[in-house]
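Please read these numbers as outputs of a predicted model, since none were measured by experiment.
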Amino acid sequence: SNERYKIINSITEDVIYEHQTATDLVQFSERIEQFGIRLPSPCTFDEFMHYIHPEDRTGLLDNYNKFVESGGKVCTSSEYRIVNDAGNIY
């Protein structure tokens, strides 16, 4: 829910995002700007994935698909790098 997202976002330093599969939109925290990424929030999932390091996309998508296919019952965790438009890797 939007309220849950706001609460979590207010207490963490991490970049938090949530993908609404019905609309294919990703909402993420403003903290993503600290990495030099300027995207409208929400944006499409493909727009968001553009910033995931190419070597990390497959693993992230595999874990994401496991989560979605399980109906949210399988909890997964992914670490991945992001690449901004200047080519900086975080």
So, for G59 and S78, which heavy atoms are closest and what is the spacing to 0.1 Å?
O-OG, 4.3 Å
When rounded to the nearest 0.5 angstrom, what distance separates CZ in F67 from OG1 in T21?
9.5 Å
Ignoring hydrogens, what is the shortest heavy-atom contact between T12 and D14? Give both atom names and the distance.
OG1-N, 3.1 Å
Please find out if less than 6.0 Å separates the ring center of Y51 from that of F28.
no
Heavy-atom side-chain proximity of M49 to R57 below 4.5 angstrom
yes
Taking L39 as the starting point, is it possible to reach I52 by hopping between hydrophobic residues whose side chains are less than 4.5 Å apart?
yes
Which residues share a ring-ring contact (aromatic ring centres under 6.0 Å, His included) with F35, sequence neighbours left out:
Y90
Looking only at non-hydrogen atoms, find the nearest pair between I82 and I37 and report the distance.
CD1-CD1, 3.7 Å
Reported CD1-to-CD1 distance for the pair I16 and I7, which is rounded to 0.5 angstrom:
13.0 Å
Answer yes or no: is there a side-chain heavy-atom contact under 4.5 Å between E47 and D24?
no
Inter-residue atom distance R38.CZ - C43.SG, 0.5 Å rounding:
14.5 Å
With a 4.5 Å cut-off on side-chain heavy-atom distances among I, L, V, M, F, W and Y, is there a chain of contacts connecting L61 to L25?
no
Y17: what forms a ring-ring contact (aromatic ring centres under 6.0 Å, His included) with it, not counting sequence neighbours?
F48
H50 side, atom NE2; T44 side, atom OG1 - distance, nearest 0.5 Å:
11.0 Å
With a 4.5 Å limit on heavy-atom distance, are the side chains of V15 and Q34 in contact?
yes
